[in-house]
There are 2 protein chains.
Amino acid sequence: MKDIADAVGVSTMAVSVVLSGSGNQKVSVSPAKAERIRQVAKELRYRPNQNARSLKTRRTNQVAVVFQHFSELGPEHPYHIQVLNGVTSALFPAGYAMTLCPRIIIDGDAFSMSDGRFDGVLWCRPEFDSESLEAISSAGVPVVMMHVPPGLMSGVPTFCADNDGAMRQVVQHLVSLGHERIAFVIDPVSVKSVEGGARNHALTRAAQQAGIPKPGLVVLGRDHSILTRYAEKDAPHTALVCFSDELAGFVLQSCDRMGVEVPRDISVIGFDSSKFCEGTKPRLTSVNQPVDRMAQAATNHLLSLIHDDERGLPRSPMACCLYDCALDVRESTGPPRAH
Amino acid sequence: MKDIADAVGVSTMAVSVVLSGSGNQKVSVSPAKAERIRQVAKELRYRPNQNARSLKTRRTNQVAVVFQHFSELGPEHPYHIQVLNGVTSALFPAGYAMTLCPRIIIDGDAFSMSDGRFDGVLWCRPEFDSESLEAISSAGVPVVMMHVPPGLMSGVPTFCADNDGAMRQVVQHLVSLGHERIAFVIDPVSVKSVEGGARNHALTRAAQQAGIPKPGLVVLGRDHSILTRYAEKDAPHTALVCFSDELAGFVLQSCDRMGVEVPRDISVIGFDSSKFCEGTKPRLTSVNQPVDRMAQAATNHLLSLIHDDERGLPRSPMACCLYDCALDVRESTGPPRAH
DNA sequence: TTGAAAGCGTTACCAT
DNA sequence: ATGGTAACGCTTTCAA
C-alpha cells in the first residue's frame, strides 16, 4: 500500500479508502487521484492482505461448516452433498467463503470457532456433547444449527425436519397397507444423536396416535443376524423404518443375502429420499427431507445474523424453523405377508 | 493476552511463547509459570486470534480448493465428492482447513488466491484461461493442479489420469468385442477443457495404434437428435466413448427414449466408474479413474511444498504425476449389431 | 529467564 | 479534500 501511496503521491489512507471500497464517508478522494491509485495498484499487482484487513475490520467473509464425520462423504451419503450444495448456493452469491475446519470437525475443539477466522458457523453435527454446547452458546460469532428439534437448544436458531409430521405419514402409509407391528432401525452412532432420538419418539407417537402397538427399536451394529428374525413366520415386525437411506440400503442388502424378499416378506422405509433410493432393488420408499433447502435457508439466516451483528442491530428472534417432509412411496413397501 | 500476562505477572511475550507452542528456542519460560499461564488462559477463556497470528506468521493453515462449477455437486457428479474426500483425508490430519472461495470459484478472480488467506491452492478447474494461468504461475503460494496432462503447465506440479493408457484399454476392449467405428462423446463445456482435448487425442492415438478408423467426435449439446442416427442400420458408429459417467448416463437415457437398445444396438462407455455406473440400466462400463487417490496425493504434495517454503528449502521438483486407470467392464458394452 | 518494543498490512479517527 | 497516526492482536528480536 505504501508503494502505491508513494508512487501516486498520496497517503496510504487514500489508497485504503479507494481500494477497500468501504464507502468511508468521512474521507473522500478526488476522482482523478482515485483513478490513478487504481491504475498504479494494477501496475504494481497490488493484492490486499486479507489477514490484515480482517484483523482490523473483524470480518473475514468466511463461514465455517461443521459436520460430524466428514469421511462419510459419498454417493451413499447424499446428505453432506445436499448440505454443501445448499450452503454454497447461499454463501457464494453473498461473497462468503465456506471452510471445513479440522480443529472443529476432527479434533472436536468447538471453541476454535471463535478464533476470529469465521463470521459465523453452521453447525451440522447431529450429536454434540456438553463442551460443544457451551462453546456454541458462548461463541463470539452467530451460530445456526441444523437437525436440532425445537426446544432443545435455546438461544441458537435451529433448522430441522418435521420428524413428527414425517413419521405420521410413514405410519399412515404402513397402516393403510395393513401393517401393525413396525420397528425403528438405527445405527449405533445416530441413536445417540439428538435427531435419532427425535425420530424414534416421533415414530412412537405417530404409532400411538394411529392405534397400533409401540414400535420396536433395532440398533443395527455390525452383527446383522438380527435380521434373520424377520425371515421367520412369527417375525416380530412386518415393516422397518430406517434412520437413513444408507441404513435402509444396508438392510435391503442383508435381506437379499438372507433370502428375505422385500416388500413381500417385509417392508423397508428409508429417510432422505436421495437418488440412492432409485438405484436400490427394489426402489426404496423413503421420507423426503429437503436438506438442501434447509441448508440454504439456515445459511441465509446465518448471513442475516452476521449482518445484524455487523450493523449493531438486534438479532432476528427466529428460534426454530421446521420443514415439512413428504413420503416418496416406491417399491420397498407393500402389504404384510399373509399368515 | 495482556489480561493473562497481567494476571500471572509476566509479559505478553511469555504468554505468547507458552500458548502458541511455536517452540521458540531463544526464549524459555519456567514450567511453573508456563502452567500458571495455561491455567489462567483457560479461566479467562482466552482464544488466540488467528487473524493476528496469521498476519504475523504469514501462515494460515488453510488451503483453498478451486472447482469449476460447484453447483454441479451431486450424486450424478461423484467427481467433486471424491476430490473433497481425498483432499480432506490428507488435509485434516495435518491440521489444515479447506476452504471453498467464491472469489475464485464464482467470480473467477484467480488472483485472490494470493490474498494471504491460504497457504496453498489445489486447482481442480479443468478449464482455465490466460488470466488464471498468469495468476497461477505468479501466485505467492504453492499451487498444485489436477487434470492437467503432462507438458502443458510448466512450473506447476500436476496430478492427472493416464488418459493414453485408459483409452488404450478402452479401444482394446471394444476391438476385442468386434467394434471398429467408434466415437468420442463430450459436452460443450468439457470439450474446451484441457483434459477433454487430451482424452479425445488419447482415444484417437489408441485407435490408430489398434489399426481401426479414426474415432468420430460428437459434441452433445441440448439437441440429442444426433443419437437417432445410431438407431439406423448404417449407423456411423457402433460404440460411444463418453467423457464422463454423467454424460454416458445422459446418452443411455436418450437411447432408451429413442428405442435404441444398449448394448445390442450400440455400446456405451463412461469415465470415472463411479457408483453411478451401478445404478444405470444397463450398468455402465466405465474407465476407473482414482480421483480420490489423486486428490489425496495432490494435497499431500501441496502440503510438502508449503512445508518446503516455510523452511526455506527448495521445492520438490516433481512436475507431473500420472495415474493408471482401469476399465471396469459392465453391461453397457457388447458385440456390435450384425448387419 | 524475562521485559520492552518493533513491527505484520490494514483501517479509521482526528486533525489540518 | 487530504495527511498523520493510532490501533487491531499477535510474534519475535533485542537487550537486560
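None of the values given here were measured: they were computed from a predicted structure. Chain A is the first sequence line, chain B the second, and so forth, proteins listed ahead of strands; every chain is numbered from 1.
Counting only heavy atoms from C-beta on, Lys56(A) has its side chain closest to dT11(C) among dT2(C), dT11(C), dC10(D). Across dT11(D), dT11(C), dC8(C), the shortest atom-to-atom separation from the side chain of Leu55(B) is found for dC8(C). Taking every side-chain heavy atom of Val10(B) into account, dG3(C) is the closest of dG3(C), dT10(C), dT11(C). Proximity note for Met13(A) (side chain, C-beta onward) versus dC13(C), dT11(D), dG9(C): the nearest is dC13(C). The nucleotide whose nearest atom lies closest to any side-chain atom of Val29(B) is, among dT11(C), dT12(D), dT2(C), dT2(C).
Here the P atom of nucleotide dG9(C) and the CG atom of Asp3(A) are 10 Å apart, to the nearest Å. Rounding to whole angstrom units, CG of residue Asn49(A) and C1' of dG7(C) are separated by 14 Å. Atoms CE (Met1(B)) and P (dT12(D)) sit 11 Å apart, rounded to a whole Å. Rounded to whole Å, atom P of dC10(D) lies 8 Å from atom CZ of Arg53(B). Remark: C1' of dT11(D) and CD of Glu310(B) are 14 Å apart, rounded to the nearest angstrom. Here dG9(C) presents its P atom at 17 Å from CZ of Arg117(B), a figure rounded to the nearest Å. The separation between Ile4(B) atom CD1 and dG3(C) atom C1' is 17 Å, rounded to whole Å. Taking atom CZ on Arg59(A) and atom P on dT11(C), their separation rounds to 13 Å, with Å as the unit.
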Cut-off 3.5 Å, no hydrogens considered: what does the side-chain donor-acceptor table look like for residues 311-322 of chain B, sequence neighbours left out?
unit_1	atom_1	unit_2	atom_2	d
Arg315(B)	NE	Asp309(B)	OD1	2.8
Arg315(B)	NE	Asp309(B)	OD2	3.3
Arg315(B)	NH2	Asp309(B)	OD2	2.6
Ser316(B)	OG	Met318(B)	N	3.3

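Listed by first then second residue, pairs satisfying salt bridge (charged side-chain N to carboxylate O under 4.0 Å, His left out) with a partner in residues 131-147 of chain B read Arg45(A)-Glu134(B), not counting sequence neighbours. Residue pairs that meet the salt bridge (charged side-chain N to carboxylate O under 4.0 Å, His left out) test with at least one member in residues 95-105 of chain A, sequence neighbours left out, are Arg103(A)-Asp109(A).
A search for salt bridge (Lys or Arg N to Asp or Glu O under 4.0 Å) contacts involving Asp6(B) returns Lys2(B), not counting sequence neighbours. Residues meeting the side-chain hydrogen bond (donor to acceptor under 3.5 Å, both in side chains) test with Asp115(B), sequence neighbours left out: Arg117(B).
Atom-to-atom distance recorded for Met98(B):CE and Phe118(B):CZ is 10.5 Å, nearest 0.5 angstrom.
When heavy atoms are screened at a 4.0 angstrom cut-off, Arg47(A) is found touching the sugar-phosphate backbone but no base atom. Nucleic acid contact class of Lys33(B) (heavy atoms, under 4.0 Å, all strands): sugar-phosphate only.
At its two ends the helix from dT1(C)-dA16(D) to dT16(C)-dA1(D) runs along axes set 40° apart, each axis drawn from five pairs and the angle rounded to 10°.
In this structure, Arg293(B) places its CZ atom where only 12 or fewer heavy-atom neighbours from other residues, nucleotides or ligands lie under 6.0 Å away.
Comparing Ser30(B) and Pro48(A) along DNA chain C, the residue whose closest nucleotide (by nearest heavy atom) sits nearer the 5' end is Ser30(B).
The phosphate of dG9(C) has OP1 or OP2 within less than 4.0 Å of a side-chain N or O from Arg58(B).
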